[in-house]
Amino acid sequence: MKKSSYYLVIISLIVLQACSGNNGPPANFNNSGQQQQRTSVETVTAETKSISDQIKSFGNIRAEEIVNITPQVSNRITHIYADLGDTVRQGDVMAKIYDAPFRDQFEQAKSQLEQSRSAYIRDSLQFNRQKKLYEQELISTSEFDDVQATFQNSKAQYESSRANLTQSRENLGNTEITSPVYGVVLSKEISVGDVATTGQTAFEIANLTGYQTRIYLPAEEWRKIEVGQKVNFRLSNKSDISGRGRVSQISPRLDPTTGLGEVVISLTESSSFIAQGVLVESTINVETHKNAVVVPRSTLVENVQTFIEPESNSIQLQRSYSAFVVEGDSLALQHKLELGIEQGDQIEILKGIEAGDEVVITGQRSLGDSTKVRIANQQDFTKPSQIPIENASSDSTEQSTDLESDE
């Protein structure tokens, strides 16, 4: 029994010694705890550069003027001299209408004019002679009135014959359908043998004096547009600028159905990629700020608060923005921001950040004001090395060979 009590005392002393030994922390415990309290973040440096408020929209390139050519006389088409895609100059004959009836009318009008001219000259001489006799009271008033009426009738017939000749000459000339402008044939709606009718479009020509595009903008952006603003054009599948232009016209009202305002942009410079019908992205520089403090938009922390508008009794949203600036490579301070214009993923900071500040871009969502941070090195984000498949297979083959040799 004494021996059992002795063993129990010994075991108790060993347990107490073990417990007293675990109460003291390791030498490096506090240091590792401090490291765990820091949040790893990634930062960018606020820069000073130019930034522009831009409006972007898509539209198709088209000619500034598209002319519809319609026949002025009706008859059968005998020849066609222009086809789709042809370039025509002003006055070029594009099609020919059967002209025999119109030529006959022209010749007949010439003959009628000669007859009317002869009758007019004859009655004019007769009227002048009778007028002198009437002034000498050698003929009666009724005789003079008859001569005067005959003269007036001959004069009217002569004027009518002249007008008829002018019309018949114009109709004969209109049997040749000509281009009124220098341009490209966009469409051809007639063929040889068709009967050309007035009012029906025969050709559609794009005037090559210039190109333009039309874009449609919402009211907020439409109000910022002014005539003369510079525009850059970029094809949808190209990264470089393909042309330049200026705003030439602005619609004075919004479309009541869509709520969009029309803006016409005329091209001033273009590359070989610009052609009729090409879809382009138009970028309008509304405003440019030079020497602005700029940071990526992803550095911002957005705070949205809701409140009830007393007058309308409606729920409104109020947004504010902030960012975390690292000081001394260890402390992240939250700065409230006043924002300026935005271009792509870059945004101007009017107040709250200075050029050269280190702004948190990764990890800011989990931070609070005056949080201790650790700026992560690039190597912390380095991807693990990957072995190509072919190298991996060769390595496995070598390992299997080594194993066989070891056996």
Side-chain angles (χ1 to χ4, degrees), residues 65-83 86-183 185 187-205 207-209:
E65 295 180 1
I66 297 179
V67 181
N68 292 322
I69 301 177
T70 58
Q72 302 301 307
V73 294
S74 297
N75 214 314
R76 178 170 50 87
I77 301 292
T78 58
H79 297 86
I80 293 181
Y81 304 107
D83 205 346
D86 289 350
T87 300
V88 294
R89 298 187 177 277
Q90 185 177 8
D92 285 354
V93 179
M94 304 180 67
K96 178 68 176 176
I97 299 174
Y98 182 63
D99 63 355
F102 303 100
R103 192 173 298 279
D104 292 341
Q105 292 175 8
F106 175 67
E107 295 297 333
Q108 185 179 358
K110 286 199 300 183
S111 299
Q112 289 178 351
L113 180 62
E114 292 298 328
Q115 293 176 4
S116 300
R117 182 186 288 111
S118 299
Y120 173 69
I121 294 174
R122 181 196 63 205
D123 294 337
S124 176
L125 294 175
Q126 181 67 15
F127 171 73
N128 289 331
R129 286 194 296 266
Q130 295 297 322
K131 183 178 181 181
K132 290 179 181 179
L133 293 176
Y134 177 72
E135 291 173 352
Q136 296 175 6
E137 299 181 354
L138 297 177
I139 59 174
S140 64
T141 303
S142 61
E143 290 177 331
F144 177 73
D145 290 341
D146 291 341
V147 173
Q148 187 177 18
T150 302
F151 168 70
Q152 293 294 340
N153 184 51
S154 298
K155 183 179 180 181
Q157 289 291 334
Y158 176 63
E159 295 295 335
S160 177
S161 297
R162 289 181 60 185
N164 189 31
L165 178 64
T166 301
Q167 183 62 49
S168 60
R169 181 186 293 111
E170 184 176 351
N171 288 342
L172 180 61
N174 285 334
T175 58
E176 291 182 342
I177 301 177
T178 59
S179 172
V181 295
Y182 166 64
V185 179
S187 66
K188 178 176 70 70
E189 305 297 336
I190 57 174
S191 302
V192 174
D194 290 346
V195 176
T197 57
T198 58
Q200 179 183 0
T201 301
F203 295 94
E204 190 178 58
I205 298 179
N207 195 338
L208 291 182
T209 54

Which pairs, with at least one residue in residues 102-119 and sequence neighbours excluded, count as a salt bridge (charged side-chain N to carboxylate O under 4.0 Å, His left out)?
D99-R103, E107-K110, E114-R117
Search all heavy atoms of A82 against all heavy atoms of V185 and return the closest pair with its distance.
CB-CG2, 4.4 Å
Donor-acceptor contact below 3.5 Å, side chain S179 vs main chain V181:
yes
Tell me whether D194 contacts the main-chain N or O of S191 through its side chain, where contact means a donor paired with an acceptor under 3.5 Å.
yes
Can you tell me if NZ on K96 sees more than 12 non-hydrogen neighbours from other groups inside 6.0 Å?
yes
Roughly how far apart are Q157 CD and L113 CG, rounded to 0.5 Å?
11.5 Å
Would you name the heavy atoms of I80 and K188 that are closest together and state the gap between them?
CG2-CD, 4.0 Å
How many angstroms lie between OG1 in T178 and CZ in R89, if you round to the nearest 0.5 Å?
15.5 Å
Side-chain donor-acceptor pairs of residues 127-138 under 3.5 Å, sequence neighbours excluded:
unit_1	atom_1	unit_2	atom_2	d
N128	ND2	S124	O	3.2
R129	NH2	Q126	OE1	2.7

Approximate separation, where rounding is to 0.5 Å, of D83 CG and F203 CZ
8.0 Å
Look up atom OG in S74 and atom CD1 in I97, then write down how far apart they are to the nearest 0.5 Å.
7.5 Å
Kindly state each residue pair satisfying ring-ring contact (aromatic ring centres under 6.0 Å, His included) with at least one member in residues 86-108, sequence neighbours excluded.
none
Test item: R169 and L172 side chains (from C-beta on) under 4.5 Å apart, heavy atoms:
no
T87 and Y182, any side-chain heavy atoms less than 4.5 Å apart
yes
Any donor-acceptor pair under 3.5 Å linking the side-chain atoms of T197 with those of Q200?
yes
Spacing of S160 atom OG and K155 atom NZ [to the nearest 0.5 Å]
14.0 Å
Under the side chain to side chain contact (heavy atoms under 4.5 Å, CB included) criterion, do V195 and N75 qualify, and how do the steps go?
CA-CA 5 Å; V195 176; N75 214 314; 6.0 Å; no
From CD1 (I69) to CD (E204), nearest 0.5 Å:
10.0 Å
Main chain of N171, side chain of T175: is a donor-acceptor contact present, judged purely on distance under 3.5 Å?
no
Between the side chain of S116 and the main-chain N/O of Q112, is any donor-acceptor distance below 3.5 Å?
yes
Heavy-atom donor-acceptor pair, N174 side chain to E170 backbone, under 3.5 Å
yes
